[in-house]
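Here the structure is laid out as structure tokens; the discussion comes afterwards.
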Amino acid sequence: MTLALVLGGGGVAGIAWHTGVLAGLARAGADPTGADLVVGTSAGATVAAQVGGGYGLDELFARQVDPATLVTERAPPVTVAELLVRLAPIYAADVDAPERRRRLGAMAIDTDTVAEEVRRAILVGRLVDHRWPHRPLLVPVVDAATGERRVLDRRSGVDLLDAVAASSAVPGVWPPVTFDGTRWIDGGVWTLTNTDLAAGHDRVLVLAPIVDPALEVELAGLGPGVRAEVVSPDAVSLQAFGADVLDPAVREPAARAGLAQAADEADRVRALLAD
């Protein structure tokens, strides 16, 4: 029996919530971070890299609630409300999913945001280790020009910082990341969890700060013999996220809400791990 841990997208709030939930689960004797595979998308890519980087979960949680570590963060150039206005015409258009991804990629390329180096520096501050972990880790990114997904791992020849930066390059907020002659954007443009990458594992635990409508389809596609559990924010966690999941100010309350929520989730996660 093998376990896949899937960590989804959700901005700064999602990183903090993931960290709080994982730390709380570990304290309750239901630590899933020893999974045979970790899939990290966008915010989840940051957390997946952090978990594989040598720091314990309590240390990672402490970093989330320590104001001193906020100095490496940077408020995004737009709010979520402003971003939604820009995204609305793309999602309202009567086009198929590949064309929608290409339009998102074009918007990302055309948006005047911070330089790639500035964005990369934020990730340098977030990751405690800049090397790919030895445990299997998959980080999905999307080609800004074609809308196609590429799945990165330690054998891809792509630096971990670049992989994580690309997987969290929210179109219209952060710049696409350039490597291998291509510009890459947020893996969440494909789906917010990319749970299909957990195929081949008997048990799947999904932490989804934002629940993507595609998640149900992806879970069904894993096959009838797969046992899966999904943890998404409860009412208290959603309140902690506030109106803007990209705002660094929500980091501490989201982390603490995730830690508290883990106590309510521990029994079913423990049962999944015991199977």
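Below, each value reflects all heavy atoms present in this structure, side chains not excepted, and no hydrogens, waters or symmetry copies. The chain is numbered in sequence order, starting from 1.
- Apart from V12 itself, the hydrophobic cluster it occupies contains nothing, where clustering links Ile, Leu, Val, Met, Phe, Trp and Tyr at side-chain heavy-atom distances under 4.5 Å.
- At a threshold of 4.0 Å, the pair R183-D143 does not count as salt-bridged, since none of the basic side-chain nitrogens sits closer than that to a carboxylate oxygen.
- Applying the salt bridge (charged side-chain N to carboxylate O under 4.0 Å, His left out) test to residues at least two apart or on different chains, none of the pairs has a partner in residues 197-223.
- Counting side-chain heavy-atom gaps under 4.5 Å among Ile, Leu, Val, Met, Phe, Trp and Tyr, the cluster of V65 also holds F61, L259.
- Between R63 and D66, none of the side-chain N atoms (NZ, or NE/NH1/NH2) sits under 4.0 Å from a carboxylate O, so this pair counts as no salt bridge.
- Applying the ring pair (Phe, Tyr, Trp, His ring centres under 6.0 Å) test to every pair with at least one member in residues 155-203, sequence neighbours left out, gives these pairs: F179-W184.
- For R103, the side chain to side chain contact (heavy atoms under 4.5 Å, CB included) partners at least two apart in sequence or on another chain are I90, A93, V95, E99.
- In plain terms, the two heavy atoms of T193 and V39 that are nearest each other are O-CG1, 4.0 Å.
- Here E148 does not pair with R102 in a salt bridge; the nearest charged N to carboxylate O distance is not below 4.0 Å.
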Which is it for D96 and R101 under the side-chain contact (heavy atoms from CB on, under 4.5 Å) test, yes or no, and what are the steps along the way?
CA-CA 9 Å; D96 60 14; R101 292 194 295 269; over 6 Å; no
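- In this structure, the separation between CG on L7 and OG1 on T41 is 8.5 Å, given to the nearest 0.5 Å.
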Side-chain donor-acceptor distances from residues 220-233 under 3.5 Å, at least two apart:
residue	atom	partner	partner atom	Å
R227	NH1	D275	OD1	3.3
R227	NH1	D275	OD2	2.3
R227	NH2	E229	OE2	3.4
E229	OE1	R268	NH1	2.7

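- Neither side chain, S156 nor R150, offers a donor N or O lying under 3.5 Å from an acceptor on the other.
- A search for side chain to side chain contact (heavy atoms under 4.5 Å, CB included) contacts involving V245 returns A13, V80, F241, not counting sequence neighbours.
- Enclosure of atom CD in E82 by more than 12 non-hydrogen atoms of other residues, nucleotides or ligands within 6.0 angstrom is indicated.
- Neither L137 nor V206 shares a network with the other; the hydrophobic side chains, linked directly or stepwise wherever heavy atoms of I, L, V, M, F, W or Y lie under 4.5 Å apart, form separate groups for each.
- Under the 4.5 Å side-chain heavy-atom criterion for ILVMFWY residues, no single connected hydrophobic cluster contains both L197 and V38.
- Residues V173 and P77 come closest through the heavy atom pair O-CG, 3.4 Å.
- Side-chain N or O atoms of H18 include one that pairs as donor or acceptor with a backbone N or O of G8 at under 3.5 Å.
- Between the side chains of T111 and R86, at least one donor N or O sits under 3.5 Å from an acceptor N or O.
- Under a 3.5 Å cut-off, the side chain of R154 and the backbone N or O of P133 do form a donor-acceptor pair.
- Note: L104 CG to I109 CD1 = 11.5 Å, rounded to the nearest 0.5 Å.
- Taking hydrophobic clusters as Ile, Leu, Val, Met, Phe, Trp and Tyr residues chained together by side-chain heavy-atom distances below 4.5 Å, V114 shares a cluster with V164.
- Put simply, the side chain of H130 gets close to the backbone of V124: a donor and an acceptor are under 3.5 Å apart.
- Judged by distance alone, the side chain of S167 and the main-chain N or O of S42 form a donor-acceptor pair under 3.5 Å.
- A240 and A257 get closest at one heavy-atom pair: CB-CB, 3.8 Å.
- Put simply, L192 and L219 are part of two different groups of oily side chains (I, L, V, M, F, W, Y) that touch within less than 4.5 Å, one to the next.
- Judged purely by atom type and a 3.5 angstrom limit, N194 uses its side chain to pair as donor or acceptor with the backbone of T191.
- Applying the side chain to side chain contact (heavy atoms under 4.5 Å, CB included) test to A115 and every residue at least two apart in sequence or in another chain returns E117, V118.
- No side-chain heavy atom of L37 sits under 4.5 Å from any side-chain heavy atom of T2.
- Pairs engaging residues 186-195 under the salt bridge (charged side-chain N to carboxylate O under 4.0 Å, His left out) rule: none recorded [sequence neighbours left out].
- Heavy atoms only, all atoms of each residue included: A35 and L3 are closest at CB-O, 3.5 Å.
- When all heavy atoms of G11 and L246 are compared, the pair lying nearest together is CA-CD2, 3.9 Å.
- V6 and L138 fall within a single hydrophobic cluster, where Ile, Leu, Val, Met, Phe, Trp and Tyr are joined by side-chain heavy atoms under 4.5 Å apart, directly or via other members.
- To the nearest 0.5 Å, atom CG of residue D94 and atom CZ of residue R100 are 8.5 Å apart.
- The list of salt bridge (charged side-chain N to carboxylate O under 4.0 Å, His left out) pairs with a residue in residues 2-25, not counting sequence neighbours, is empty.
- In this structure, the salt bridge (charged side-chain N to carboxylate O under 4.0 Å, His left out) partners of D196, at least two apart in sequence or on a different chain, are R149.
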Extract all donor-acceptor atom pairs below 3.5 Å that involve side chains of residues 19-30 and protein atoms in other chains or at least two apart in sequence.
residue	atom	partner	partner atom	Å
T19	OG1	I15	O	2.8
R27	NE	D58	OD1	3.0
R27	NH2	D58	OD1	3.1

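- Side chain of Q64 to main chain of R251: no donor-acceptor pair is present (N/O by atom type, distance under 3.5 Å, no hydrogens or angles).
- Separating the CG atom in L60 from the OG1 atom in T46 is a distance of 11.5 Å, to the nearest 0.5 Å.
- No donor-acceptor pair under 3.5 Å is formed between the side chain of D180 and the backbone N or O of T182.
- Closest approach of P248 to P76, counting heavy atoms only: CD-CD, 4.2 Å.
- One finds the CH2 atom of W132 at 10.5 Å from the CG atom of L161 (value rounded to the nearest 0.5 Å).
- Within the 4.5 Å cutoff, no side-chain heavy atoms of P136 are placed close to those of D153.
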